[in-house]
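Each remark here refers to the structure printed beneath this line.
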2 protein chains.
Amino acid sequence: MSRTAADPYEKCAVETALDLIDGKWKGVILFHLMGGTLRFNEIRRRAPGATQRVLTKQLRELEADGLILRTVYAEVPPRVEYRLSPLGESLSPIIEALKAWGTAYQESGAEARRAA
Amino acid sequence: MSRTAADPYEKCAVETALDLIDGKWKGVILFHLMGGTLRFNEIRRRAPGATQRVLTKQLRELEADGLILRTVYAEVPPRVEYRLSPLGESLSPIIEALKAWGTAYQESGAEARRAA
DNA sequence: CAGGATCCGTTAAGATACTG
DNA sequence: CAGTATCTTAACGGATCCTG
């Protein structure tokens with residue numbers, strides 16, 4: 001954050017935000033948590049293709065970043081619930097916007113062009 | 001895109017969108033191009049820390065994804081201008097939202113907590 | 001059930017040098 | 001000016017096996 005140029009501050013904000021949702025499954029996780037609290041295996045089911053290791057890691061990162069809350073119930077069998085923190089919820093409009101934009105992009109056939 | 005579950009479609013849209021702006025400097029590039037057409041070295045100046053190689057690569061990816069347009073002027077010295085495509089411009093609201101959110105995140109002191 | 005520990009392959013990204 | 005060509009490193013993501 002040197003602030004040598006005119007507006008490096010603004011630039012960093014975009015970077016900061018993107019860094020937080022950077023990770024192959026973070027967007028997906030956040031999106032599904034927007035629907036309410038989920039347990040580990042429930043998230044896993046909604047993110048087929050992601051392994052436990054990766055999922056766990058990204059959940060921990062999201063937690064460390066303060067975007068989600070992790071609640072462990074000391075019972076047996078173990079139960080761990082994940083839900084959006086207030087900060088995470090404040091991302092909802094953006095996730096929704098991304099979803100809408102992604103949908104439009106897909107339907108525009110731009111994906112096909114990309115593959116080509 | 002198996003569509004086996006209830007709504008894998010929606011999930012993929014979020015993923016699709018994030019994939020397009022995934023890359024350490026893509027968000028920064030797009031943000032600065034929102035201010036108007038820029039030449040290669042102008043972008044470089046606005047993304048200190050990014051090397052030519054990385055910058056070139058990400059610019060090419062953005063171009064391949066149809067988010068930016070690259071215009072080469074056959075003159076000497078060479079001049080190459082980058083600007084947002086209509087599709088790229090449609091991302092502006094999202095980039096702005098990310099910037100606003102990132103700023104709020106930074107000011108909330110959440111970054112400090114993250115480092116700790 | 002919800003992970004932790006390990007090993008491994010791929011890719012992103014950085015450093016550096018050179019060119020039309 | 002705007003790249004390309006190599007090389008190296010670090011991080012990410014995946015697969016598998018094990019445990020409180």
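The sequence lines fix the lettering, A, B, ..., with proteins before strands; numbering per chain opens at 1. Not measured: the values here are computed from a predicted model.
- Phosphate proximity of D/dC12 to A/Lys57: present, with a side-chain N or O under 4.0 Å from OP1 or OP2.
- For the residue pair A/Thr71 and A/Arg83, the shortest heavy atom distance occurs at OG1-NE, 4.4 Å.
- Taking every side-chain heavy atom of A/Val54 into account, D/dG13 is the closest of D/dA2, C/dA15, D/dG13.
- Summary of the strand contacts: B/Pro78 and A/Gly23 both lie near DNA chain D, and taking for each the nucleotide with the nearest heavy atom, the more 5' one is attributed to B/Pro78.
- Dashed line: the shortest gap from a side-chain N or O of B/Arg39 to OP1 or OP2 of D/dA2 is under 4.0 Å.
- If you measure from atom CZ of B/Arg44 to atom P of D/dT4, you get 13 Å, rounded to the nearest angstrom.
- Using a 4.0 Å cut-off, no side-chain N or O of A/Arg79 falls inside it from OP1 or OP2 of C/dG3.
- Ionic pairing of A/Arg79 and A/Glu75 is present here: one or more N-O contacts between side-chain nitrogen and carboxylate oxygen are shorter than 4.0 angstrom.
- For A/Tyr82, a side-chain nitrogen or oxygen approaches OP1 or OP2 of C/dG3 to under 4.0 Å.
- Distance CG (B/Leu38) to P (D/dG3): 13 Å, rounded to an integer number of Å.
- Look at CD on B/Glu75: it is 20 Å from P on C/dG20, rounded to the nearest Å.
- Between the side chains of B/Thr37 and B/Glu81, no donor N or O sits under 3.5 Å from an acceptor N or O.
- Residue B/Arg60 places none of its side-chain N or O atoms closer than 4.0 Å to OP1 or OP2 of D/dA2.
- Between D/dC18 and A/Arg53, no contact under 4.0 Å exists linking OP1 or OP2 to a side-chain N or O.
- One atom, CG of B/Asp22, and another, C1' of C/dT11, lie 11 Å apart when rounded to the nearest Å.
- Between the NZ atom of A/Lys24 and the P atom of C/dT11 there is a distance of 10 Å, given to the nearest Å.
- Cluster membership check: A/Leu69 does not share its hydrophobic cluster with A/Phe31, using side-chain heavy-atom separations under 4.5 Å among Ile, Leu, Val, Met, Phe, Trp and Tyr.
- Residue B/Arg60 comes nearest to B/Tyr82 through the heavy atom pair NH2-OH, 4.2 Å, listed as atom of the first residue, atom of the second, then distance.
- Here C/dC1 presents its P atom at 17 Å from OH of A/Tyr73, a figure rounded to the nearest Å.
- A/Leu55 has its CG atom 17 Å from the C1' atom of C/dA5, to the nearest Å.
- Remark: C1' of C/dA12 and CG of A/Leu18 are 16 Å apart, rounded to the nearest angstrom.
- Taking side-chain N and O atoms only, A/Gln58 has a distance below 4.0 Å to OP1 or OP2 of D/dG13.
- Between D/dG13, C/dT16, C/dG14, one nucleotide has an atom nearer to the side chain of B/Gln52 than all others, and that is C/dT16.
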